Amino acid sequence: MTESKDDPVNAIIAQAKPIIAKLGFGTVVGYCSGMAMKKIGKAVAFVIGMGFIVVQGAVSAGYIAVDWNKVQSDVVSTVDTNNDGKLDEEDVKAYWAKVKKVLVNGIPDAGGFSLGFLWGVKYS
């Protein structure tokens, strides 16, 4: 296959060279991590959803009784990082900071990691 100087893709690549240089290793591993996190999140959501369906089915059939207010209270108190009694933006930021600290530890060019991660979660 021969390359042409008039190839529009080559022209776009030449124009995007400064951006491409910034999208380095950190962005690539961020994208891959985001894609993996999305898949893991879907699997976890599936398991939790199926568990809820089974438990709620047993509740509806009269086999067991569940105090959902107590369950909600216990879950919130477990995942509430700032102990304000609710799940909010600050809790999500705290968890993201913990995850990011682990994932970018020792990566030489981690500047684009967050962008790549969000891109992987959204577009994979």
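By convention here, the first residue in the shown sequence is residue 1. No experiment lies behind these values; they were computed from the predicted model shown.
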Student: Closest heavy-atom contact between Lys122 and Lys38?
Tutor: O-NZ, 3.8 Å
Student: So Glu90 and Asp84, side-chain contact (heavy atoms from CB on, under 4.5 Å) or not? Walk me through it.
Tutor: CA-CA 10 Å; Glu90 297 305 317; Asp84 64 355; 5.9 Å; no
Student: Atom OG1 in Thr27, atom CG in Leu115: separation rounded to 0.5 Å?
Tutor: 5.5 Å
Student: State yes or no: do Val29 and Leu118 share one hydrophobic cluster built from I, L, V, M, F, W and Y residues joined by side-chain heavy-atom distances below 4.5 Å, directly or via other members?
Tutor: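 Different hydrophobic clusters.
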Student: Please report the interatomic distance CD1(Ile48) to CZ(Phe46), rounded to the nearest 0.5 Å.
Tutor: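 Answer for the CD1-CZ pair, Ile48 versus Phe46, is 12.0 Å.
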Student: Are the side chain of Thr78 and the backbone of Asp74 linked by a donor-acceptor contact shorter than 3.5 Å?
Tutor: yes
Student: Where is the tightest heavy-atom contact between Tyr95 and Thr81, given as atom of each residue plus distance?
Tutor: CE1-CG2, 3.4 Å
Student: Heavy atoms only: give me the nearest Ser114-Trp96 pair and the separation to one decimal.
Tutor: OG-CZ2, 3.6 Å
Student: Quick one: does Phe117's side chain get under 4.5 Å of Val104's, heavy atoms only?
Tutor: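 The answer is no, as the side chains (C-beta and beyond) never meet within the 4.5 Å cut-off.
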Student: Is any side-chain heavy atom of Asn82 closer than 4.5 Å to one of Asp88?
Tutor: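 Asp88 vs Asn82: side chains touch.
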Student: Taking the side chain as every heavy atom from C-beta outward, state whether Met50 and Val47 have any atom pair closer than 4.5 Å.
Tutor: no
Student: Do Phe113 and Val102 sit in the same hydrophobic cluster, where Ile, Leu, Val, Met, Phe, Trp and Tyr count as joined when their side-chain heavy atoms come under 4.5 Å apart?
Tutor: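 No; tracing contacts between hydrophobic side chains, which count when under 4.5 Å, never links both residues.
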Student: Taking all non-hydrogen atoms of both residues, which atom of Val99 and which atom of Met37 are closest, and how far apart?
Tutor: CG1-CE, 4.3 Å
Student: Do any N or O atoms from the side chain of Asp80 and from the backbone of Gly85 form a donor-acceptor pair under 3.5 angstrom?
Tutor: yes
Student: With clusters defined by side-chain heavy atoms of hydrophobic residues (ILVMFWY) lying less than 4.5 Å apart, directly or transitively, does Val76 cluster with Val71?
Tutor: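 No, no single cluster joins them.
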Student: Are Leu87 and Val79 packed together at the side-chain level, in the sense that at least one heavy-atom pair is separated by less than 4.5 angstrom?
Tutor: yes
Student: Linking I/L/V/M/F/W/Y whenever any side-chain heavy atoms sit under 4.5 Å apart, do Ile64 and Phe52 land together?
Tutor: yes
Student: If hydrophobic clusters are built from ILVMFWY residues whose side chains come within less than 4.5 Å, do Leu103 and Ile107 share one?
Tutor: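 Yes, same cluster.
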